[in-house]
Enquirer: 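I'd like to ask some things about the structure below.
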Amino acid sequence: MVQKWFEEAKLGIFIHYGIYAVNGIAESWSFYNGRISYEDYMKQLDGFTASKFDAGQWAELIENSGAKYAVLTTKHHDGVALWDTGFSDLNVVDKTPAKRDIVKEYAEAITKRGIKLGLYYSLIDWSHPDYPSVYEGGRVPDDPGAANPFSYPTDGIQDEERWQRFLEFNNNQLRELLTNYGKVDLMWFDGDWERSAAQWNLPAFKTYLTSFNPELIINSRLQGHGDYKTPEQGLPITRPEGPWEFCTTINRSWGYVPTDNHYKSLNQIIRMFCDCIAMGGNMLLDIGPREDGTIDKRQEDILLGLGAWIRTHEEAVYGTGEGIHTRYYLGGSTVSKDRKTLYLFVYDNPKESVCLKGLANKINKITVLHSGKELTHEIHGGVPWFNIPGTAWIHMTPEDAHENVTVLKLELDGELDMYGGSGAVVTHN
């Protein structure tokens with residue numbers, strides 16, 4: 001059951017922070033795929049200082065972005081924990097110069113600002129000796145020797161006892177996360193694909209997690225036992241069923257990669273955000289701090305720019321529901337709670353007017369949200385006696401446009417009513 005706050009949040013900030021920022025390489029996958037040796041990857045522990053890490057500054061930035069929740073990578077597939085875990089010495093307190101419980105500082109700062117607390121946890125651990133003990137679904141491959149040794153046994157022999165020990169290890173670490181850092185609102189799992197639901201001990205595992213907090217929300221990466229869907233990097237074209245969240249990077253990388261200059265523009269990020277909320281979803285936008293805990297100014301600027309746009313247009317964002325189909329209006333939109341106000345997102349500067357089809361309601365008033373300017377409109381066509389509405393043309397010029405995305409507020413006569421038919425032959429006039 002997804003808590004109401006999640007569906008109303010609209011925006012979350014994802015934070016990929018870990019030792020991979022030291023060399024600025026891909027988190028965990030760089031050694032898994034053989035681009036770097038495991039030993040060289042782990043040498044990054046010596047360079048992880050968190051010397052300028054200020055959780056209060058992170059929390060302030062997240063609040064200013066307009067986000068209502070945040071999700072920090074407490075442990076990626078490399079097995080390096082960002083908290084003082086008692087079940088492994090592979091953590092930043094014991095094994096790095098940072099010697100700080102990053103999760104503790106983050107959780108306190110986020111909670112203090114009233115932002116919902118989310119923790120990412122990798123179910124797979126490519127550093128744990130007991131992890132590569134079984135195959136996915138228990139099926140031994142034809143050529144066990146070709147299996148990745150970080151994930152699976154390469155001798156074709158499975159060891160169920162070791163696997164059970166690993167599950168207990170995960171349960172112990174998750175108990176620490178869910179009891180030592182205040183109320184955790186959301187658990188964001190990853191890595192479920194390497195084992196079956198039965199091997200992850202589902203659904204009993206989920207019952208165990210919610211025993212610490214019955215209101216805990218769990219993402220979809222739990223072999224079908226999660227609470228909401230998490231499409232990644234590619235915007236959904238068809239609206240996912242139920243609650244959902246689109247996770248994406250600001251450039252091409254999740255963690256900090258200094259050579260990755262392929263940034264999305266602020267305008268593109270705002271448009272993607274509008275696309276998500278128009279389809280009734282959230283956007284989880286990722287930042288990757290440097291190893292010292294500072295955030296690249298380009299990432300910071302995008303978060304602040306997004307926040308400024310949201311604050312100017314917040315009535316079209318928070319407290320709204322999914323908008324109308326693009327067959328009615330070629331852009332994004334949201335609808336107010338009472339369904340008497342329609343907000344249209346205008347992505348480009350119109351040549352002379354904005355077109356809205358199929359609206360059966362009378363429009364009482366149209367305003368440009370950021371300026372308060374009232375716009376006129378005219379209706380062309382329509383067959384009232386068949387209840388077929390005409391086309392509304394809203395008079396808007398480039399001068400009325402916001403520098404990013406313009407929002408038009410349409411106050412309607414009654415609750416939103418859209419016509420979905422195929423038209424008709426007018427047999428009498």
Side-chain angles (χ1 to χ4, degrees), residues 10 235-239 267-281 283 309-310 312-426 429:
K10 310 297 182 187
L235 268 169
I237 303 303
T238 303
R239 184 210 195 285
N267 213 44
Q268 288 167 341
I269 295 276
I270 293 172
R271 283 182 64 157
M272 289 162 73
F273 174 64
C274 290
D275 283 345
C276 288
I277 65 174
M279 285 200 285
M283 182 158 90
W309 183 88
I310 289 174
T312 303
H313 302 97
E314 61 182 69
E315 71 170 271
V317 176
Y318 306 126
T320 60
E322 177 177 353
I324 57 176
H325 286 290
T326 49
R327 61 177 180 255
Y328 296 119
Y329 168 65
L330 295 173
S333 58
T334 54
V335 181
S336 63
K337 243 190 194 95
D338 65 5
R339 300 197 60 78
K340 290 181 179 174
T341 306
L342 174 64
Y343 300 97
L344 301 180
F345 302 136
V346 185
Y347 293 145
D348 299 299
N349 295 348
K351 283 194 160 50
E352 57 168 27
S353 43
V354 170
C355 174
L356 173 63
K357 296 173 282 193
L359 179 68
N361 307 70
K362 178 176 172 283
I363 302 171
N364 289 337
K365 187 180 181 184
I366 303 174
T367 37
V368 180
L369 210 49
H370 73 275
S371 66
K373 180 180 173 181
E374 200 168 329
L375 300 183
T376 57
H377 73 285
E378 57 187 324
I379 309 284
H380 283 303
V383 190
W385 53 96
F386 287 150
N387 295 319
I388 298 172
T391 300
W393 297 92
I394 301 163
H395 303 135
M396 177 184 167
T397 65
E399 291 74 56
D400 301 318
H402 186 274
E403 62 180 315
N404 301 117
V405 172
T406 313
V407 181
L408 301 184
K409 176 183 180 178
L410 277 64
E411 295 170 57
L412 310 173
D413 192 9
E415 286 189 29
L416 178 70
D417 179 15
M418 303 302 293
Y419 166 77
S422 325
V425 176
V426 181
N429 277 310

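This is a predicted model, so every value here is computed, not measured.
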Enquirer: With the side chain counted from C-beta on, respond yes when Thr334 and Val317 share a heavy-atom pair under 4.5 Å apart, and no when they do not.
Expert: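 Of all side-chain heavy-atom pairs linking Val317 with Thr334, none is under 4.5 Å.
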Enquirer: Determine whether Thr341 and Leu412 make a side-chain contact, defined as any pair of heavy atoms from C-beta on separated by less than 4.5 Å.
Expert: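 Side-chain contact under 4.5 Å: no.
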Enquirer: Any idea which heavy atoms bring Phe345 and Cys274 closest together, and the distance?
Expert: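 Minimum heavy-atom contact is CD1-CB, 3.6 Å.
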Enquirer: Do Leu410 and Leu344 touch side chain to side chain, with heavy atoms closer than 4.5 Å?
Expert: yes
Enquirer: Does Thr312 use its side chain to pair, donor to acceptor, with the backbone of His370 at less than 3.5 Å?
Expert: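 Not confirmed, Thr312 side chain does not pair with His370 backbone.
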Enquirer: With a 4.5 Å cut-off on side-chain heavy atoms, are Val405 and Trp309 touching?
Expert: yes
Enquirer: Please name the pair of heavy atoms, one in Thr406 and one in Ala401, separated by the smallest distance, quoted to 0.1 Å.
Expert: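 What the structure gives for the nearest pair is OG1-CA, 3.3 Å.
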Enquirer: Report all side-chain donor-acceptor pairs from residues 351-365 shorter than 3.5 Å, counting only partners two or more places apart or in another chain.
Expert:
residue: Asn361; atom: OD1; partner: Asp417; partner atom: N; Å: 2.7
residue: Asn361; atom: ND2; partner: Asp413; partner atom: O; Å: 3.2
residue: Asn361; atom: ND2; partner: Glu415; partner atom: O; Å: 2.7
residue: Lys362; atom: NZ; partner: Asn364; partner atom: OD1; Å: 3.2

Enquirer: How many angstroms lie between atom CG of Leu375 and atom OG1 of Thr367, to the nearest 0.5 angstrom?
Expert: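 One gets 7.5 Å once the value is rounded to the nearest 0.5 Å.
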Enquirer: Do Met279 and Thr326 have side chains that approach each other closer than 4.5 Å (heavy atoms only, starting at C-beta)?
Expert: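 Sidechains of Thr326 and Met279: no contact.
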Enquirer: Measure the CD-CG distance between Glu399 and Asn349 for me, rounded to the nearest 0.5 Å.
Expert: 8.5 Å
Enquirer: May I have the step-by-step check of side chain to side chain contact (heavy atoms under 4.5 Å, CB included) for Arg271 and Asp348, ending in yes or no?
Expert: CA-CA 10 Å; Arg271 283 182 64 157; Asp348 299 299; 3.7 Å; yes
Enquirer: When you compare the side chain of Phe273 with that of Ile310, does any pair of heavy atoms fall below 4.5 Å?
Expert: yes
Enquirer: Would you give the length of the straight line joining atom CE of Met396 to atom CG of Leu408, rounded to the nearest 0.5 angstrom?
Expert: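 So the CE of Met396 and the CG of Leu408 are separated by 5.5 Å.
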Enquirer: Has Tyr328 got a side-chain atom pairing as donor or acceptor with Tyr419's backbone, closer than 3.5 angstrom?
Expert: yes
Enquirer: Pick out which of His377, Glu411, Lys409 makes a side chain to side chain contact (heavy atoms under 4.5 Å, CB included) with Ile366.
Expert: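 Running side chain to side chain contact (heavy atoms under 4.5 Å, CB included) over His377, Glu411, Lys409 with Ile366 returns exactly one hit, His377.
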Enquirer: Which atoms form the tightest heavy-atom contact between Val346 and Pro350, and what is the distance?
Expert: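 Minimum heavy-atom contact is CG1-CD, 4.5 Å.
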Enquirer: Could you tell me whether His395 atom NE2 has more than 12 heavy atoms of other residues or ligands within 6.0 Å of it?
Expert: yes
Enquirer: So do the side chains of Val407 and His402 get within less than 4.5 Å of each other, counting heavy atoms only?
Expert: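 Of all side-chain heavy-atom pairs linking His402 with Val407, none is under 4.5 Å.
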Enquirer: Taking salt bridge (Lys or Arg N to Asp or Glu O under 4.0 Å) as the definition, give me every residue that meets it alongside Arg339, ordered by chain and number, with sequence neighbours left out.
Expert: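 Scan of Arg339 (salt bridge (Lys or Arg N to Asp or Glu O under 4.0 Å), adjacent residues dropped) gives none.
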Enquirer: I need the Asn404 CG to Ile270 CD1 distance, nearest 0.5 Å.
Expert: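 If we round to the nearest 0.5 Å, Asn404:CG and Ile270:CD1 are 3.5 Å apart.
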